[in-house]
Every structure is written in structure tokens, then in C-alpha cells.
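Since the structure comes first, as C-alpha cells, the remarks are kept for the end.
Residue numbers begin at 1 in each chain, while the letters A, B, ... track the order of the sequences. Just so it is clear, the values below take in all heavy atoms, side chains as well, and ignore hydrogens, waters and symmetry mates.
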Amino acid sequence: MRYTQYFIPTVKETPADAEVVSHKLMLRAGMVRKVAAGIYNYLPLGLRSIRKVESIVREEMNRAGAIEILMPMVTPAELWQESRRWEQYGKELLRLKDRKDNEFCLGPTHEEVVTDIVRREVRSYRQMPLNLYQIQTKFRDEIRPRFGLMRGREFIMKDAYSFDVDEQGADIAYEKMYQAYRRIFARCGLKFRAVEADTGSIGGNWSHEFMVLADSGEDAIVSCNGCDYAANVEKAESKVVEAAEHAEARPMEKVHTPGKKSIQEVSEFLGIPVTHTVKMLVCMADNVPVAVLLRGDHDLNEIKLKKVLGCEELEMATDEQIAKATGAPVGYLGPQEARIRLVADLTVRGMRNVVVGANETDYHLKNANPDRDYVIGEYADIRNVAHGDPCPRCSGGILEMWRGIEVGHVFKLGMKYSKALNATFLDQDGKEQIVFMGCYGIGIGRTVAACIEQNHDDNGIIFPLPIAPFHCIVSAVNPKDETVSATADEIYARLQAAGVEVLYDDRDERPGVKFKDADLIGIPLRLVIGAKNLADGKVELKQRSGGEMELLAIDDAVARITSLVREALAL
RNA sequence: CGGGGAGUAGCGCAGCCUGGUAGCGCACCUGCCUUGGGAGCAGGGGGUCGCAAGUUCGAAUCUUGUCUCCCCGACCA
């Protein structure tokens, strides 16, 4: 492709509304443009990368035995009402009506639609296992879209759904997808980890997320340094350390702590480590106040708590709600004589002689102890694990914290949707059975964005070759020099003939402009043709990822580029 | 939805407090010049100041309403 006949609107200045590198660079490199909040135009360069990821995904899905279909983006309300998600999904589901006032929504995912296909067409156990997938535009009316393609409202997703006669079959399907995903992200040149995850609103009973490691990631993940345990913090179990402290209970003491509300302030003021304090939070679980006790330095895991309480909605109580529920002032809450349900984290069970609020403004209690000073009815794992915690799976392992971007998610669904939509089949004995399902998603645009998060420098993007918009950029330094342009034309043609995807920068621009643009858009291989070296019959090859510039004869350059491309695509 | 901020040329911003001429840098167009890391000179085009109502002789500027966007929290590929 000749640059002068293409469309790559690069910009020098970073648009003010971009926050993370991938978003900034995709805008600057002319890959995407925003149309509305969380809704983007894909310009040629961006689209090429997206198509590359799609091809890799398609190849690996097909290799794993999945079959491509395409479902509609606009889907009828009835299907969603059958699964009850019409009510459950909330505002993220963008609902609309047609001219006859029939209700529809833009598909945020397609369990209902695909299950509808299967319940109509699949009658016999002989038709399974079956795995159907599509690569299609989804719409979720996110509360807060951000970070460009990382969290759009409209986004391209590959979603696959497996159908099996029993759980063993479903496990095999899950494992196949898991392995396919590993291959996909490896081929995209990403540093990633598969981690145990919560199932969220999709539901089901088991799932893994594929996380690209990046500091800008929105998810916190932990991994063990001793075994292969890795999990999203939302899901990560904390190791149950049984009542470790048998310290003698000291007499309780009420201390004056004027104006000291936060755990940090109180522990500094009293000179007692935060690990010897217990904090009490109040949550509204389906509008019922519940008090939560955690060690001072621990964070509440709302997902775990939600499961323990079995509630639908969980939010932090407002100051007024707290005052009303406990009768105590915010900042000085304590579990003594609790009026509301009290749930304590497992860690709290082993703690003795702790600092807690005195339920009275400007006072805390020192050396408070369970049973003697307060009564806790329920203990549960309700905290986020922290860096340095012991591994819940092996002995001696320590958990390490990472940030990650979720690019893929595999779920073992079970019968949630097949039961709701009545997707059944007849087994060998002619008995009606419910289909076992799994579902598997990959964010295509997000994968490209995550890749940029992981591969960039001050000058721009450094694309791994398999998903780069072009393999090679050929820059003619002064295209008005006829020898230069004739040589560049020839090399361009030869590389293309060899199957290399070439962007030929034939613009009459100064070299600085061309180099800046080449670096910005991140093409892996750059071949510069300039009068000086051409006098010796040489051209210059430089890899965007670094390394020395190679001065090569034209034939050698063509051969070298061709082999570098083959090598990079060989995985 | 709660909290914070912003809407002025394609992009980045100033002007607003103290009402009267809409401005700068980049980008764009023409010409000259230049060709190894976002050159230089000269000339030029482009803005209902988010929208609506109000105050005023007069509103980008003051008032009210409204919409959109961005950032911080709960959702998710």
C-alpha cells in the first residue's frame, strides 16, 4: 500500500480526553476516532490490526472444532424474558422498540439467542458435542465507558457457546477452549495469564479469565510464587489461618481518640499496628443494613460478601443509614452490643486484644476481645487477598499482586440457560435431558489495545508482527531523487510478491516526519532507502522492537525481511 | 447514579473575573526554499464561542435551564 494513496491521519498532539497509553497512541496513530462515548470509528490501520486478531481467533477456534455462525445484533425481548435477564441485566441492556412497539435490545452477549438455535435444531445426543461461535459487534450501555477500545459500549467480540450431553462433555469443551485461548493470546504476542475468576452476570459455576499483564489494567490479580495458582482478586480465596493468637486477654480500656476516624489515624495515634485493629463497615444488602468486620488493613470483597449474604444488591451505607442502623457515629463504630447482623472476616477470628471503635464520638477501645466484649455470630471469607498472603492451594507459597486487562473469559455454564429456555435432547435411552453449556468470549478490540499497553515506547506503538497492520514499512528518504524512488518502487513490488505486507511511504515529506510516523504507527520492520547508502548499493533495515540497524544489499534485504516475517508468523 | 471538571477553528489552548475589535500554537491551502529524526520564509482559508431562554442599546463574557464530553466509585470482553 502506498502511503500517499492510503488514509493514516496521524496527529502530533495527544487528544485531551485520552487517559491510557493505548488510547492515546491509537488516536495519535490514526487507528481509531471517537464517535460518541464508548463508540468508535475504526480507521484503516486500526481495522487491519483488528482483522489480524480476528483471523488468529478464527483459525484457532476452527482448529478447536468450533463452527462459525453469525447472530443478529438486534434481539427480541421475549428471549431475554425467558431467561429473566430482561429484568436482571439492568440499564446495560440497551432496549428499543420497533414501529409496531415490539421490544428489542441490542445484544450484549448471545446465550439466549444461541440457545434458541439449539433448542429448535438439536434433538438428539448424536448432534453433540456442538460449539458455535461468532465474531460480532456487541453493545453494552456501560455506566462509564473509558480508555478507548479498552472499555467501549460498542465493541467487537468473539463469543463461542458449547453444547454437550453431560458434564464430562462440557469439561472437555471447556478444556479445548482454554487451550485454544492460550494459543490465541500467545500468537498475538501477549504476556498473559489465565486466572480463576468470578462468573458475574453471565452466571454459571466455573470460569477462567485471560489476563494481559499491564499496570494500567482495571483488574487486580494474584498469583502464587510456589505453585500455579492464579486468580482474580474478586475470586481469590484467602487461606484460613486458624486462631493463631492465644494471647492472654488483657483488660479492655476505653481511650480518647479525638478526631481520629480512619484506621490509619487511630493506629498512628495509639502507636498500635493496623494489623491489631478491627474495622467495622456497614453495607446495605437489598436495603437491609449489615455490619462487616475486617482487620484494619484488609479490604472488603463485595462479591464474596454478596455470596455469603445471598443478596442481589450490595452497596456501602451512607452516613445517615449507618447512624440510623447502629446508633453510633461514623469513624467510631464497634461490634459491642450490635443491633444488626454482624459478619466478620475469617482473619478476625484469631485476633485478640484489638482496637475497635467505642460506638462513641472520639473514643476507641483497646484490648477488645471476642465473646468477652462482643459477640460475632458469623465468620466468612469476605476480604480481598493481599500481596504477601499465603497461597490457599500450596504450603509455603506466597501470593503476588498484578494488574491485568481481561481479554478473554471462559465459563462453564452448566444448565442455567438451557434449563430456562428448555433446550433438551433425547439420550441413548430415549430419555429427555437438558443440554450442558459453556460460553467463551474474547474482546477483539481490547486485545489490540492490551497489546499496545504492553508494547510501546516514547515514540509510539511497537506491534508484534502477527497483529501489526503491516509487516514492513519502506521509506524513501527523498522520493524526488529518481534513483531512490525507482529503487523503492522495485523493492516494494518484490516484497509484495514475496507475500510481505508493505506500507510504502512514498510521501514527499522530510525524513524526520517519516521516521516519526513510522515509529508512531509501530510497523515492526522499517526499510529506509536513501541516496547516501544507495550509492553503495545498500539499504537500511531496522526493527521497531530495537536492535541494530542492518546495512544490506537490496537482494539481501528482501530475503531478510521475507524470512523475518515467515519466522514471526510461524507460531 | 453519586462526586469533581470541561465545552471558543480539525487538534491543543487563551480570552470570560471587569459586557463593545474572537485570538495564539499546530494542522490545512498557495508560492519559494529544503530533504537522515515532526525545517524556514511569505501569503491565505476556516469559528451561529455546545444549545435554549433571560438581563442589556449591545453577551463568548452576566443569570437560569438544558445537552454533551472527560475524570473518581459500583459493572464487564
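Atom-to-atom, CZ of A:F515 to C1' of B:rG36 comes out at 5 Å; the value is rounded to the nearest Å. Taking atom CG of residue A:L300 and atom C1' of nucleotide B:rG73, one finds them 14 Å apart after rounding to whole Å. Between the CG atom of A:L43 and the P atom of B:rG10 there is a distance of 17 Å, rounded to whole Å. What separates CG of A:D481 from C1' of B:rU34 is a distance of 14 Å, to the nearest Å. Whole-Å rounding puts the A:R28 CZ to B:rC11 C1' distance at 12 Å. Atom CD of A:Q88 and atom P of B:rC76 are 12 Å apart (whole Å). Taking atom CG on A:D198 and atom C1' on B:rA77, their separation rounds to 15 Å, with Å as the unit. Spacing between atom CG of A:N384 and atom P of B:rG73 amounts to 14 Å, rounded to whole angstrom units.
Both tests do not hold together for A:R544 against A:F463: distance to the six-membered ring centre under 6.0 Å, angle to the ring axis within 45°.
At a threshold of 4.0 Å, the pair A:R85-A:E111 counts as salt-bridged, since one of the basic side-chain nitrogens sits closer than that to a carboxylate oxygen.
If you check every strand for non-hydrogen atoms under 4.0 Å, A:G441 touches sugar and phosphate atoms only. Contact annotation for A:G443: base contact, defined as any heavy-atom pair under 4.0 Å involving a base atom.
The side chain of A:A37 has B:rC69 as its nearest neighbour among B:rC76, B:rC69, B:rC1. Checking B:rG36, B:rG12, B:rA77 against the side-chain heavy atoms of A:P15 singles out B:rG12 as nearest.
For B:rG38, its base sits under 3.5 Å from the side chain of A:D517 at one donor and acceptor pair at least. With hydrogens and angles left out, the side chain of A:E540 and the base of B:rG36 share a donor-acceptor pair within 3.5 Å. No N or O donor and acceptor, one from the side chain of A:E509 and one from the base of B:rG38, sit under 3.5 Å apart. At a cut-off of 3.5 angstrom, counting only N and O atoms as typed in the model, there is a donor on one side and an acceptor on the other between the side-chain of A:D519 and the base of B:rG37. Interface remark: the A:D17 side chain does not form any donor-acceptor pair with the B:rC71 base, using a distance-only criterion of under 3.5 Å. Within 3.5 Å, a donor on the side chain of A:R151 pairs with an acceptor on the base of B:rC76, or the reverse.
Across the interface with RNA chain B, nearest-nucleotide mapping of A:R446 and A:V477 shows A:V477 to be the residue nearer the 5′ end. Both A:E406 and A:R146 lie near RNA chain B, and the one whose nearest nucleotide falls closer to the 5' end is A:R146.
Close to B:rA27, at under 4.0 Å from its OP1 or OP2, lies a side-chain N or O of A:K12. For B:rC70, the OP1/OP2 oxygens have a side-chain nitrogen or oxygen of A:K34 closer than 4.0 Å. Here A:R144 reaches the OP1 or OP2 of B:rC72: one of its side-chain N or O atoms lies under 4.0 Å away.
For the pair A:I405 and A:S216, the tightest heavy-atom approach, listed with the atom from each and the gap, is CD1-OG, 4.4 Å.
Taking the C1' atoms as reference points, B:rU61 lies 28 Å from B:rG3, given to the whole Å. Taking the C1' atoms as reference points, B:rA14 lies 11 Å from B:rA22, given to the whole Å. Spacing of C1' atoms, B:rC49 relative to B:rG15, comes out at 11 Å, to the nearest Å. Taking atom P on both nucleotides, B:rG50 is separated from B:rA77 by 39 Å, rounded to a whole Å.
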Notebook entry, point to check: Taking it one step at a time, do A:E59 and A:R187 satisfy salt bridge (charged side-chain N to carboxylate O under 4.0 Å, His left out)?
Noted result: CA-CA 11 Å; A:E59 281 173 32; A:R187 283 183 61 185; 2.9 Å; yes
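Ring pair A:F470/A:Y6 is perpendicular by interplanar angle, where above 60° counts as perpendicular and below 30° as parallel. Using the six-membered ring where Trp is involved, A:Y89 and A:W80 have ring planes that are perpendicular, over 60° apart on the 30 and 60° scheme.
Stacking is found between A:F155 and the pyrimidine-like six-membered ring of the B:rA77 base under the 5.5 Å centre-distance and 30° plane-angle cut-offs.
With hydrogens and angles disregarded, no donor-acceptor distance shorter than 3.5 Å links the side chain of A:D508 to the backbone of A:P479.
Nucleotide B:rG47 has no partner under the Watson-Crick or G-U criteria, as no pair reaches both atom distances under 3.5 Å.
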